[in-house]
Amino acid sequence: MPESIELQRIEFDIQQLPANKALQIFAKQANLQVLFSAELVKGLKANSISGFYSIPEAIAQVLSGTGLQPKITDSRILTITADNSRPSNEERQVDFKKKQLSGIIAFLTAMVSNSATQAQEIEPGDHIEQMIVTGSYQKSLEKAVDIKRNSIGFSDSVVASDIADFPEQNLAEALQRIPGVTIERNKGLGNKVNVRSLPSEFTHVSINNLATASGSGGRDVEFDMFASDIIQQVKVKKSPTAADEEGGIAGTVEIQTARPFDYSGRKVIVSAEGAYNTISEEVDPNFSLLASNTVGNWGALVSFSSSQRTNRTDANSGVDFRPLSRWLEKSGSSQHQSDQAAAVLERDTGIVINDRFNDDETGRVVFLNKAGDRAYLNEQEKWGATASIQFKPSNNFSLTFDALVGKYDATEDEYDAAAYSASSPSSLAEIHDYDSTTLSDYGITVLTDTSYALTQHEFLSKEDVNETDYQQFSLASEWSVGLWSIDGLLGYSGAEKFSDRTNLKHTSYAPSRTRYTDQGGQTLMSDDPDSIDMYNAPSSYLFDFYDVTLEEIQDDKYAAQFDVSREMHIDFLPALADIHFGVRYTDKSKKRNQGDKEVKGPSADDSSWSGVRTLQDSELTPIEELVPGGEYLPDLSYSPSWAQVSNEYARDLFRYDGFHVDYAPDQYYQVDEEVFSLYAMADFEFDILSRPALINAGFRYVDTSVLSSGFHQVQTTDGSTVYTSEPVSKDGSYDDLLPSFNMKVELSENLMFRAAASQTLMRPALTDIAYKRSVSLSEFKYYDGNPDLQPTYADQWELGVEYYLESGGILSASYFEKEIEGVVRESLTGIVPNVTKYNDNGTLDGVYDFEVYQKINAEGSYDVSGVELVAQFPLTIISESLEGFGINANYTILDNSLTGESDLNIPTAPEGLAENTYNLVAYYENDRFNARILYNYKDKYVERIERDMYPVYRDSYGQLDLSLGFYVTENIKLSLEGINITEEATQGYTMDPRFPTMYEVSGSRYTLGVRANF
């Protein structure tokens, strides 16, 4: 043996594993090439080793008792052969010779300096050759499988090379390939993540072990603000341990940014892309850089990613159902509208309303509330940067500082031409068609084609400007001394979000006719001589207002954690392998300021334009010029075209000199939350019927304190209404003990059984517990916060089997159940009588009783159960002629017991829950070329329950993506990616597809890029 190898002492840390896996880890830690035959090590288990050893000492201990012996054939090559002194191995060796086996392959993965080495096994008879593999999709899948296999609970992962190579527009879209993970899309862009189809707020998200602030109003994270290029690894945990931070009923998404010692020595990755959207016809740039190096005990890494996105979305909508109580309940001076609606209904449908004030009766005759055509232009600029400094004098100690900063700016222009059929002064004029059969099970009749007496036609120019600054800093330590491991974490995560939303509104009251189409709703002229062509009558539209809403959200989260674990060796309890305990403290604060101002004239105190100035008095731009890309929805059953005011023109004209918006006291809130957690757990290793088993069991104690503040209305002695001079606060607290249990049993070398059970919780959204009140004039409702809300709890368990293929693939199946209790629902909690309401033009609408709605914890519980299937394998297991081809597929099916969440007792699933989801990736790759076809499907799900009566569904959606890559050299890759290449539309409906609520088309997106990896 060469002297340099014999004298060198290296720190090894290898668990007791199958011999092939142990040799792969040994090769990496020893920085050697390890050559062996797959058949030679089949069925053998290597020994564990921990500490500093020379290579000969270490390999001898690892292989002790296996019948294998090492042989150094080169200064950096270790060959594993059979010990001919052992009869069983001698027989195997003879058998190999009879089959003319060569039995060895060299597999070397080089990061930069070709110094990181692994072991590889192949079928006997293959040639020995040395390979350098960069960016291999199959290898990234194998790494993810290794992470899954070594995890104690149920989990799935994606790694950096996998994330970088997927066709995606942000991190959310990269995560949708993980089993059980789906996403929510907005205007064709993934923005929120669902685990096992439960609502996005049911998922806990952390970056570098810190709960993530995003500036959203709730606890869910807006993933569209994160570029995927800065991410090293994502792990989705579906069964928690006691050590995991609580907050995810559906699961926990753990994101890890890159660190310098993730690589061996120097690493530089540069990529540049240009992306083209087929509707906007714009080309957007994307650039990313990662640079890392290690020198001795120190390492430093920086990364930067910058991207732009210009996306156009065209949308036609039927919006929603409106119950006929809209007019039937009118009385006094508006009694004639009620009488007319009842008379027309009886005349044209034969339906007689017996009690006009019975919501259960009037709520079962519905009409199309609002129909509109909308064009959106979404422009985004996003950048993110990470920095990491590591001090790692040995494998036993590391100190790491991580920083993540970024900025996400998005401007969305929306241009609407809409008809509000349910305007207050209107009523039914003629019912041309109705449907009393589709929803007959619920006794609902839908007026599908109706003329109205006085429709409110609207031209709306809306602008939504959002600026989000994100920052996160953490200091983490890992220290192993003897049998002890001690870890610590200090961190901060914060986001500041500023929104500037505007709405320029012009209206025209005239008779018109609205009907359902296959895509949504269409408005056209009625037979009334006073009817207008709503798209081409600018002189008929009067200026209502230019409304500006400013909002600021400050989201801050601080955390400190201390963890200790110890290996145990107790004679009277030999199964006890490790104990773990720790403490975590988090301090979260979310503060919101918001204000609104309506401009009705050329100066602050002037309202001379309201109801006088017409749409024609402003500069108008055709819709096909307001948004890039030309004609609006050319595949629509009708092709409207109109002109309206651009947002740029509106901003210049209506924001007069000295314009400002004051924040309103009733829109302010601040919520502070402190959480103190303790946990203790233990690992047990033992045999069940001679098969190795591992159990992890523990408890997590959580104590939560909440302080919610906001201004309250008070009445003065003269009867006027003001607000308290200082915020009024209310506090609350609760504590919980959350048990967890995870077990895995190695039924055979490649067959794993898993089981898990736990109780977990999800805290209510901070906006729901805020002390505040908002109003919806169109719905006659107040919406109040509720500081007394409690968490939603889940008792959950899961059973699964996993078969690990010799090729690095996996076949797995699991069954899970969750009993969810205390779901937060909106509920009627009071009435405010005699509220005066005015129309947009300043005229008196009437005096009404306004309902007060709050979020409450619903009584009882409901069950969600499901099956998750995973199949991932290269097709060489079928035939060697399919070398390079492979499949990565997963499927999740859910069932739930929740019904009756509608005031009309219409059965509906929980909001956001899709029964069927699946992903399918078919791939091919060789040394120079790779190709992937990806299909992602999400079943229909309830998006909301309109007016607490009618479930509105987001329709099922399937998207086909494509990725092609070609290595010009070993380190430079060209790529072509296509997202939604079949240009699928996003659609929705109320209760049945016969009644569509939306039809959105965002087109396809194609990206051409180059990536250099050195």
Side-chain angles (χ1 to χ4, degrees), residues 21 123 136-151 153-159 161-163 165-167 174-183 195-197 234-239 251 744 746-756 798-816 865-894 914-925 930-939 958-963:
K21 298 295 182 182
E123 291 301 316
S136 167
Y137 176 56
Q138 184 173 329
K139 293 303 174 187
S140 70
L141 293 179
E142 291 177 7
K143 183 175 181 180
V145 168
D146 287 339
I147 295 172
K148 181 182 182 73
R149 185 168 190 167
N150 294 325
S151 298
F154 289 89
S155 68
D156 291 282
S157 304
V158 290
V159 297
S161 58
D162 203 356
I163 297 171
D165 283 348
F166 271 135
L175 297 185
Q176 68 179 318
R177 318 298 177 182
I178 298 177
V181 175
T182 57
I183 63 173
V195 176
R196 288 177 168 171
S197 292
V234 180
K235 186 174 185 178
V236 178
K237 286 188 173 180
K238 301 166 185 177
S239 62
K744 62 179 182 180
E746 195 172 310
L747 301 178
S748 68
E749 181 184 356
N750 294 321
L751 184 62
M752 186 85 72
F753 168 79
R754 290 187 193 270
E798 185 165 1
L799 300 174
V801 291
E802 301 160 1
Y803 183 72
Y804 294 88
L805 305 173
E806 295 291 343
S807 58
I810 183 174
L811 302 174
S812 69
S814 65
Y815 174 82
F816 58 89
S865 61
V867 174
E868 191 170 274
L869 306 174
V870 177
Q872 174 187 308
F873 52 87
L875 293 183
T876 49
I877 66 173
I878 300 174
S879 171
E880 292 295 332
S881 63
L882 298 176
E883 176 70 32
F885 290 93
I887 295 293
N888 180 14
N890 57 79
Y891 173 69
T892 304
I893 182 171
L894 297 182
E915 291 187 358
N916 296 277
T917 60
Y918 60 85
N919 294 285
L920 175 63
V921 181
Y923 68 88
Y924 171 78
E925 64 181 10
N930 60 65
R932 278 176 254 176
I933 298 177
L934 312 95
Y935 186 76
N936 174 266
Y937 174 84
K938 184 175 183 177
D939 211 349
Q959 180 169 298
L960 186 66
D961 304 328
L962 175 69
S963 176

Given the rule in the side-chain contact (heavy atoms from CB on, under 4.5 Å) test, do Thr892 and Val867 qualify, once you have shown the distances and angles that lead to the verdict?
CA-CA 6 Å; Thr892 304; Val867 174; over 6 Å; no
Could you walk me through whether Ser239 and Glu798 satisfy the side-chain hydrogen bond (donor to acceptor under 3.5 Å, both in side chains) test, starting with their C-alpha distance in whole Å, then the side-chain angles of each, then the deciding distance to 0.1 Å, before giving a yes or no?
CA-CA 8 Å; Ser239 62; Glu798 185 165 1; 5.5 Å; no
Would you sort out whether Asn750 and Arg149 count as a side-chain contact (heavy atoms from CB on, under 4.5 Å), showing the intermediate values?
CA-CA 10 Å; Asn750 294 321; Arg149 185 168 190 167; 4.1 Å; yes
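Nearest heavy-atom pair, Lys235 versus Ser151, reported as atom, atom and distance to 0.1 Å: NZ-OG, 2.9 Å. Taking both residues in full, the closest heavy atoms of Ala914 and Leu894 are given as O-CD1, 3.6 Å, listed atom of the first, atom of the second, then distance. For the pair Phe154 and Leu799, the tightest heavy-atom approach, listed with the atom from each and the gap, is CZ-C, 3.9 Å. The nearest pair of heavy atoms linking Glu142 to Ser807 is OE2-O, 3.3 Å. In terms of heavy-atom proximity, Leu869 sits nearest to Ala813 at CD2-CB, 3.5 Å. In terms of heavy atoms, Ala144 sits closest to Ser157 at CB-O, 3.5 Å.
Residue Gln872 forms a side-chain contact (heavy atoms from CB on, under 4.5 Å) with just one option from Asn890, Val921, Asn888, and that option is Asn888. Partner Tyr891 forms a side chain to side chain donor-acceptor pair (under 3.5 Å) with one of Asn919, Asn916, Thr917 and no other, that one being Asn916.
You'll find the side chain of Lys238 reaches within 4.5 Å of the side chain of Asp156, heavy atoms only. Between Leu875 and Ile887, some side-chain heavy-atom pair lies under the 4.5 Å cut-off. In this structure, the side chains of Lys148 and Glu802 come closer than 4.5 Å at one or more pairs of heavy atoms. Residues Ser865 and Phe816 form no side-chain contact, since every pair of their non-hydrogen atoms from C-beta on lies 4.5 Å or further apart. The shortest distance between side-chain heavy atoms of Ile810 and Tyr803 does not fall below 4.5 Å.
Note: Leu751 CG to Leu811 CG = 10.5 Å, rounded to the nearest 0.5 Å. Rounded to the nearest 0.5 angstrom, Met752 CE and Lys744 NZ are separated by 5.0 Å. With values rounded to the nearest 0.5 angstrom, Phe873 atom CZ is found 8.0 Å from Leu805 atom CG. Glu806 CD to Glu749 CD: the interatomic distance, rounded to the nearest 0.5 Å, is 5.5 Å. The CZ atom of Phe885 sits 12.0 Å away from the CD1 atom of Ile878 when rounded to the nearest 0.5 Å.
Under the 3.5 Å distance criterion, with hydrogens and angles disregarded, no donor-acceptor pair is assigned to the side chains of Glu925 and Tyr923. Between Glu883 and Thr876, the side chains place no donor N or O within less than 3.5 Å of an acceptor N or O (distance only, hydrogens not considered).
Sparse packing is recorded around CD1 of Ile933, with 12 or fewer heavy atoms of other residues, nucleotides or ligands lying under 6.0 Å away.
Under the 30°/60° scheme for interplanar angles, the aromatic rings of Tyr937 and Tyr918 are found to lie parallel.
In this structure, Arg932 is not positioned above the aromatic face of Tyr924 in the sense of NZ or CZ being under 6.0 Å from the six-membered ring centre and within 45° of the axis.
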